[in-house]
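Here's the structure we're looking at; comments come further down.
Atoms considered below: every heavy atom in the structure, side chains included; atoms not considered: hydrogens, waters and symmetry mates.
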Amino acid sequence: MESNKINDYIQANKDRFLSELMDLLKIPSISANPDNKTDVLKTAEAVKNRLVEAGADKVEICPTKGYPVVYGEKIIDAKLPTVIVYGHYDVQPADPLDLWDSPPFEPVIKKTEIHPEGAIFARGSCDDKGQMYMHVKAFETMMKTNSLPCNVRFMIEGEEEVGSANLGQFIVEHKAKLKGDVILISDTSMIGHNAPSIDVGLRGLCYMEVEVVGPNRDLHSGVYGGAVANPINILCEIVAKMKDENNHILIPGFYDDVEELSKEERAELAKAPFEIGEFKKSLDIAEIHGEKGYSTMERTGIRPTLDVNGMWGGYTGEGAKTVLPSKAFAKISMRLVPHQSAEKIAKLFEKHFRSLAPASVKVKVAIHHGGEPVVTPTNSIAFNAASLAIEETFGKKPIPTRGGGSIPIVALFEKELGLKSVLMGFGLDSDSLHSPNEHYGLVNYYKGIKTIPLFFKHFTALSAKK
Ligand code: BES
Ligand code: MN
Ligand code: MN
């Protein structure tokens, strides 16, 4: 009965739910680019207004040292459980722009092989405006159909894509506002339309920037070449020495705290469907690559990594310029797994990087934002509620998986509020998050809006039984 009412409301308001999301996607809320400051703030304002319209109380834009957090709540009965919904309204930069088939901030709906019923193409469609907005519309649906079964608080931030540097402090300062029983987040992926899954772990992140300095100025590569260290060559050599032929990272102590999974745990994770041929085909690669002794899913789920994200220096313009550059730079990030600490890994990285640099160059090592890895429980009321909800809408029990990405605030929620999160994501890895042509399936969007009220229902019922 209840769920019919909910589904009817969603069906009747389907088009508006979509057009409102499209409007939100038109604002380029790129947190990394200071030129977009007014857009990011405009998006916070829009999210605030949408929450008010949906029926939330005490909606406010809470300032932080960076971009604000949008807060809103509906407390129907202090004795009932409270779900805290977290999401982010900021997006990644859209570049390289020329690789987009349609402009990143002019959302359009197109059909794809994976999304035959259509997907919205725009930066942020999946990560995370589309997934965050499902919660606003699910809330509106529960309000309008008189079926909100417990309390809810929204906490939608604007700095996730730049590391949530000010959110830890926000949580500490607003503990009273954030009283609740669980954090519900839709900002991850599922395995596939027919293989629903719930991430029960996320990797951490340690992000470094290095500079290698050779001679005090750029030199003629003929006059000096061969007699002076070339910092780009040296940087390449150092990077090459960071892994062995088995793709094992060679930083001393790097693996000391890595959680080794038992045979049973690995067998459990291996139950998730994964087709290596499809994987290679979708990325147009002839062969996979990674740490010896681990499957592809393990390489992204339970093993740490070290990757160069960008490297520059010397002449990169048109044609040829014979130059021996004075400086070389690289951004190097490491994904971390449970028990590794971003701070400790940063120190180990710096020590090792310096030890590999010859006396012919000077090096500088700096650390960017980081985040700690997390595992979330699979036996909690919240996990069971999410599992039941997804089973109802997808017709299948979701498979627990480990996500390879990072959401730094999840570890902070646990540390500061003692609250665990449920990662009920509805995107697909193939939705091109952070890439050109990011998209989000319409089926995923609407299924998410249907699944969220079911989570609330089951979470409330299971909490009452406890
Ligand atoms: N939503 C992603 C994280 C994600 C995506 C987790 C898919 C699991 C599956 C989030 O917005 C993100 O991109 N996080 C950054 C970290 C941040 C510190 C920049 C990341 O993982 O690179
Ligand atoms: Mn995200
Ligand atoms: Mn992201």
Side-chain angles (χ1 to χ4, degrees), residues 1-14 16-18 20-21 24 47-60 69-87 89 130-156 174 176-187 380-393 413 417 419-426 445-466:
M1 197 56 220
E2 197 76 323
S3 79
N4 274 345
K5 225 171 35 177
I6 288 176
N7 288 343
D8 289 350
Y9 185 85
I10 295 170
Q11 189 57 34
N13 293 280
K14 226 172 161 233
R16 179 175 54 83
F17 285 4
L18 184 57
E20 286 176 12
L21 171 58
L24 208 56
V47 172
K48 176 190 154 191
N49 294 336
R50 299 295 88 78
L51 276 173
V52 171
E53 288 159 15
D57 298 329
K58 297 192 183 164
V59 184
E60 56 175 311
V69 174
V70 185
Y71 175 85
E73 63 176 43
K74 190 76 203 178
I75 307 296
I76 56 171
D77 182 345
K79 291 190 289 295
L80 287 169
T82 303
V83 175
I84 300 174
V85 172
Y86 163 86
Y89 63 81
Q131 296 209 61
M132 173 272 286
Y133 205 61
M134 296 180 319
H135 286 272
V136 181
K137 294 298 99 176
F139 171 66
E140 174 194 317
T141 302
M142 290 187 281
M143 288 299 288
K144 290 284 157 59
T145 55
N146 271 316
S147 50
L148 180 68
C150 66
N151 306 313
V152 56
R153 299 180 197 272
F154 288 90
M155 179 186 167
I156 314 295
H174 295 85
K177 257 199 195 108
L178 298 171
K179 271 211 200 97
D181 299 280
V182 68
I183 315 272
L184 179 62
I185 305 176
S186 297
D187 193 23
S380 63
I381 289 178
F383 180 86
N384 291 334
S387 182
L388 287 170
I390 289 173
E391 194 178 349
E392 274 186 56
T393 43
F413 279 137
L417 302 174
L419 286 181
K420 300 272 186 192
S421 298
V422 174
L423 301 161
M424 199 167 73
F426 293 90
Y445 182 57
Y446 292 122
K447 266 196 183 165
I449 298 174
K450 282 184 189 162
T451 307
I452 293 161
L454 293 170
F455 171 86
F456 275 75
K457 183 183 92 178
H458 289 300
F459 183 69
T460 309
L462 293 174
S463 299
K465 272 194 214 154
K466 192 179 59 172

Quick one: list whatever passes side-chain hydrogen bond (donor to acceptor under 3.5 Å, both in side chains) with Glu53, sequence neighbours left out.
-> Arg50
Quick one: list whatever passes salt bridge (Lys or Arg N to Asp or Glu O under 4.0 Å) with Lys177, sequence neighbours left out.
-> Glu60
Test the Lys420-Phe413 pair against the cation-pi criterion, namely NZ or CZ under 6.0 angstrom from the six-membered ring centroid and within 45° of the ring axis.
-> no
Residues in side chain to side chain contact (heavy atoms under 4.5 Å, CB included) with Ile76, at least two apart?
-> Lys74, Leu80, Leu148, Asn151
Can you tell me if Thr393 uses its side chain to pair, donor with acceptor, with the backbone of Ala389 under 3.5 Å?
-> yes
In terms of heavy-atom contacts, Ala54 and Met143 come closest through O-CG, 3.5 Å
Inspect the contact between Glu392 and Lys450 and indicate whether a charged nitrogen and a carboxylate oxygen are less than 4.0 angstrom apart.
-> no
So Tyr9 and Phe17, would you call those rings parallel, tilted or perpendicular, with 30° and 60° as cut-offs?
-> tilted
Sequence neighbours left out, what passes ring-ring contact (aromatic ring centres under 6.0 Å, His included) with Phe455? Give chain and number order.
-> Phe459
Would you find a donor on one side and an acceptor on the other, under 3.5 Å apart, between the side chain of Arg153 and the backbone of Lys179?
-> yes
With sequence neighbours excluded, residues passing ring-ring contact (aromatic ring centres under 6.0 Å, His included) with Phe139 | Phe154
Do any side-chain atoms of residues 180-187 form donor-acceptor pairs under 3.5 angstrom with protein atoms, and if so which ones, sequence neighbours left out?
from: Asp181; atom 1: OD2; to: Thr82; atom 2: N; distance (Å): 2.7
from: Ser186; atom 1: OG; to: His135; atom 2: NE2; distance (Å): 2.8
from: Ser186; atom 1: OG; to: Met424; atom 2: O; distance (Å): 2.7
from: Asp187; atom 1: OD1; to: His88; atom 2: NE2; distance (Å): 3.4
from: Asp187; atom 1: OD2; to: His88; atom 2: NE2; distance (Å): 3.1

